[in-house]
Amino acid sequence: MTIVHSESSTERIPGRAWTVRIHGHSDRSVSVTCSTEACRMPPRSKDLTKLRTFAAQHAAAHAKVATVRPNAWCRCGSQRCGAHPAAKAHCAGAVVMILRHDPTVGRVWSVEEVCEACAPLIPNAIVLARAARPARAAERSAAQATQVPAPARPGVAGGFSSAAPIATDDAAPVRSARRTPQRPRRRRSGQGR
């Protein structure tokens with residue numbers, strides 16, 4: 001008998017990372033590599049601008065295709081937060097997908113799953129996506145039970161709103177949302193607190 005373990009949504013799994021690099025060679029040509037072995041890279045070339053554009057687009061493609069997993073561990077935390085050694089933090093919060101690229105160096109792009117606590121501490125990183133929080137079955141059924149359909153507006157079929165407002169004679173006056181600041185009351189001398 002063979003037992004197959006399936007990945008459950010509560011089981012923690014390592015955070016993923018993809019790294020795209022530009023490597024320079026002694027003949028003044030460059031090449032692009034990806035940490036994913038299955039990715040096809042262009043041949044070596046002396047056109048650095050073209051390969052830099054390709055590397056940026058390749059990293060963006062990894063980020064676009066990957067779905068952020070809510071049960072992933074923080075990739076930064078598994079590396080002992082080496083990406084932000086000056087600012088220590090405890091890994092916490094939801095999982096986010098970041099793109100890390102230092103424009104001054106311009107040779108490495110990293111797409112990683114990290115926690116919300118580490119993401120703002122990592123230099124040159126931008127958050128691309130956040131993990132969807134799974135709704136619990138009990139919360140989902142309670143939310144569905146409490147949803148009340150909006151009443152249909154007169155003259156509009158199916159409850160859809162119309163582009164033009166519907167005028168009625170018994171419409172209540174619209175109140176301004178702006179509040180006037182209240183002046184502090186001055187105490188008269190001689191009055192006790």
Side-chain angles (χ1 to χ4, degrees), residues 4-137 139-140 143-144 160-161:
V4 177
H5 294 283
S6 64
E7 185 180 299
S8 71
S9 63
T10 59
E11 183 180 331
R12 300 295 284 190
I13 52 179
R16 297 172 293 176
W18 297 269
T19 304
V20 180
R21 293 180 192 274
I22 295 179
H23 297 282
H25 302 285
S26 60
D27 65 348
R28 298 190 184 262
S29 65
V30 291
S31 61
V32 180
T33 61
C34 180
S35 60
T36 303
E37 304 256 339
C39 292
R40 291 179 38 186
M41 298 289 116
R44 270 169 74 161
S45 172
K46 292 192 178 194
D47 189 356
L48 176 62
T49 306
K50 178 181 161 189
L51 289 184
R52 183 173 282 151
T53 302
F54 172 83
Q57 290 173 349
H58 187 75
H62 274 295
K64 187 176 181 179
V65 171
T67 303
V68 185
R69 302 170 304 172
N71 59 333
W73 289 36
C74 177
R75 174 78 177 182
C76 181
S78 67
Q79 306 278 319
R80 296 188 181 175
C81 295
H84 55 90
K88 293 293 179 189
H90 294 288
C91 293
V95 180
V96 297
M97 181 82 66
I98 63 164
L99 172 64
R100 188 169 56 161
H101 174 68
D102 186 352
T104 58
V105 177
R107 292 182 174 232
V108 179
W109 291 259
S110 296
V111 178
E112 303 175 18
E113 287 177 319
V114 299
C115 70
E116 286 179 321
C118 289
L121 303 175
I122 299 172
N124 302 309
I126 57 169
V127 175
L128 301 174
R130 299 184 183 281
R133 297 185 185 213
R136 294 185 180 126
E139 291 174 353
R140 220 177 307 136
Q144 290 171 351
F160 294 100
S161 61

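Basis for what follows: all heavy atoms, side chains included, without hydrogens, waters or symmetry-related copies.
Note that the CE atom of Met97 and the OG1 atom of Thr67 stand 7.5 Å from one another [nearest 0.5 Å]. In this structure, Leu51 CG and Arg107 CZ are separated by 11.5 Å, a value rounded to the nearest 0.5 Å. Note that the CG atom of Leu121 and the NZ atom of Lys88 stand 10.5 Å from one another [nearest 0.5 Å].
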_Run the side-chain contact (heavy atoms from CB on, under 4.5 Å) test on Cys91 and Cys118 for me, step by step, so that the C-alpha distance in whole Å, both residues' side-chain angles and the decisive distance to 0.1 Å come before the verdict._
CA-CA 6 Å; Cys91 293; Cys118 289; 3.8 Å; yes
*asked:* Show, in sequence, the C-alpha distance, side-chain angles and deciding distance for Trp109 and Arg52, and conclude whether the side-chain contact (heavy atoms from CB on, under 4.5 Å) test is met.
replied: CA-CA 10 Å; Trp109 291 259; Arg52 183 173 282 151; 3.7 Å; yes
*asked:* Quick one, Val96 with Val68, criterion side-chain contact (heavy atoms from CB on, under 4.5 Å). Give me CA distance, side-chain angles, the key distance, then yes/no.
replied: CA-CA 7 Å; Val96 297; Val68 185; 5.8 Å; no
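Pairs passing the ring pair (Phe, Tyr, Trp, His ring centres under 6.0 Å) check and including a residue from residues 12-49, sequence neighbours excluded, read Trp18-His62.
For the residue pair Ser45 / Asp47, no side-chain donor-acceptor distance below 3.5 Å is found, with atom types taken as modelled.
Arg75 meets the salt bridge (charged side-chain N to carboxylate O under 4.0 Å, His left out) test with no other residue; sequence neighbours excluded. The side-chain hydrogen bond (donor to acceptor under 3.5 Å, both in side chains) test applied to Glu112 returns Arg100, not counting sequence neighbours.
A donor-acceptor contact shorter than 3.5 Å is absent between the side chain of Arg130 and the backbone of Ala94. Counting only distance, with no hydrogens or angles, the side chain of Arg12 and the backbone of Ala72 share a donor-acceptor pair below 3.5 Å. Using a distance-only test at 3.5 Å, with no hydrogens or angles considered, a donor-acceptor pair links the side chain of His101 to the main chain of Val108. Of the possible polar contacts, one joining the Arg69 side chain to the Pro14 backbone as a donor-acceptor pair under 3.5 Å is found.
Nearest heavy atoms, Pro70 versus Val95: O-CG2, 3.9 Å. Taking each heavy atom of Val114 and Ala119 in turn, the nearest pair found is CG2-CB, 4.0 Å. What you find for Asp102 and Thr104 is that their closest heavy atoms are OD1-OG1, 2.8 Å. Closest heavy-atom contact between Arg28 and Lys46: O-CG, 3.9 Å. Summarising the geometry of Cys39 relative to Cys34, their closest heavy-atom pair is SG-SG, 3.8 Å, with the distance given to 0.1 Å. The shortest non-hydrogen separation linking Ile98 to Leu128 is C-CD1, 4.1 Å.
Around the CZ atom of Arg21, the shell of radius 6.0 Å holds no more than 12 heavy atoms that belong to other residues, nucleotides or ligands.
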